[in-house]
Amino acid sequence: QVQLVESGGGLVQAGGSLRLSCAASGRTFSGNTMAWFRQAPGKEREFVAAISWSAYRTDYTDSVKGRFAISRDNAKNAVYLQMNSLKPDDSANYYCATKGDYIRVAVGSTYDYWGQGTQVTVSS
């Protein structure tokens, strides 16, 4: 089992920044992909960003490109999401997820483990 715990969410004004963190524990494994998804009330879960084990590969949904940056620290079993120029549409519960390959990274059903989420609210 892998446990994922997100932190760093909160309330911020439009144009502001937040940095989300996700700490992995338990049966952590090398070579894993880490990703962030989000879900707003009444909406489907949405892919945000993914990063490969080596950080050589990253992918983002179009709406966050140029504003968000995903990174990871394998020594700490952690992944981060730096969110800049936040918009009210970015408001959602943000989830960390992990799996063993870098295939179909935008598809949530391919992930093995999920965190409980951290709430991000952007006021206009």
Side-chain angles (χ1 to χ4, degrees):
Q1 286 289 335
V2 176
Q3 292 79 43
L4 301 173
V5 179
E6 303 93 337
S7 61
L11 174 64
V12 63
Q13 288 188 333
S17 298
L18 282 175
R19 187 184 190 226
L20 304 184
S21 299
C22 173
S25 62
R27 192 182 69 83
T28 55
F29 49 93
S30 63
N32 62 326
T33 290
M34 301 292 293
W36 290 95
F37 287 77
R38 65 187 180 185
Q39 188 168 20
K43 294 186 178 181
E44 293 188 354
R45 184 176 58 196
E46 175 189 27
F47 168 75
V48 177
I51 187 168
S52 63
W53 168 256
S54 65
Y56 179 75
R57 296 186 64 177
T58 58
D59 283 277
Y60 297 90
T61 192
D62 286 345
S63 63
V64 308
K65 286 180 180 177
R67 300 189 298 122
F68 291 10
I70 189 170
S71 61
R72 65 188 297 164
D73 184 338
N74 292 335
K76 296 181 178 179
N77 290 319
V79 65
Y80 309 98
L81 186 68
Q82 178 66 43
M83 305 187 296
N84 300 324
S85 303
L86 283 162
K87 305 175 181 179
D89 284 349
D90 295 319
S91 297
N93 206 3
Y94 282 70
Y95 298 90
C96 174
T98 188
K99 63 173 180 170
D101 58 45
Y102 204 82
I103 301 171
R104 300 172 69 202
V105 296
V107 180
S109 60
T110 65
Y111 286 79
D112 300 308
Y113 300 98
W114 292 82
Q116 293 299 307
T118 185
Q119 180 67 39
V120 172
T121 303
V122 184
S123 63
S124 58

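Excluded from the calculations below are hydrogen atoms, water molecules and symmetry mates; all remaining heavy atoms, backbone and side chain alike, are included. Each residue takes its place number in the sequence, starting with 1.
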Check against side-chain contact (heavy atoms from CB on, under 4.5 Å), Tyr94 and Glu6:
CA-CA 8 Å; Tyr94 282 70; Glu6 303 93 337; over 6 Å; no
Would you check, one step at a time, whether the test side chain to side chain donor-acceptor pair (under 3.5 Å) holds for Asp59 with Tyr102?
CA-CA 10 Å; Asp59 283 277; Tyr102 204 82; 2.6 Å; yes
Tell me, with the steps shown, if Phe68 and Trp36 meet ring pair (Phe, Tyr, Trp, His ring centres under 6.0 Å).
CA-CA 11 Å; Phe68 291 10; Trp36 290 95; over 10 Å; no
Verdict with supporting geometry, Val64 and Met83, side-chain contact (heavy atoms from CB on, under 4.5 Å):
CA-CA 8 Å; Val64 308; Met83 305 187 296; over 6 Å; no
Intermediate values then yes/no, side-chain contact (heavy atoms from CB on, under 4.5 Å), Cys96 and Val79:
CA-CA 8 Å; Cys96 174; Val79 65; 3.7 Å; yes
side-chain contact (heavy atoms from CB on, under 4.5 Å) between Thr118 and Ser7: does it pass, once the steps are laid out?
CA-CA 6 Å; Thr118 185; Ser7 61; 5.6 Å; no
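Membership of an apolar cluster is not assigned to Leu11, as no side-chain contact below 4.5 Å to another ILVMFWY residue is traced.
Counting heavy atoms from C-beta outward, Lys99 and Asp101 have side chains that approach closer than 4.5 Å. A heavy-atom distance below 4.5 Å is not found between the side chains of Arg57 and Thr33.
The pair Asp62-Lys65 meets the salt-bridge criterion, since a charged nitrogen lies less than 4.0 angstrom from a carboxylate oxygen.
Here the side chain of Thr58 pairs no donor or acceptor atom with the backbone of Ile51 at under 3.5 angstrom.
When each of Phe47, Phe37, Tyr95 is checked for a ring-ring contact (aromatic ring centres under 6.0 Å, His included) with Tyr111, only Phe37 meets the rule.
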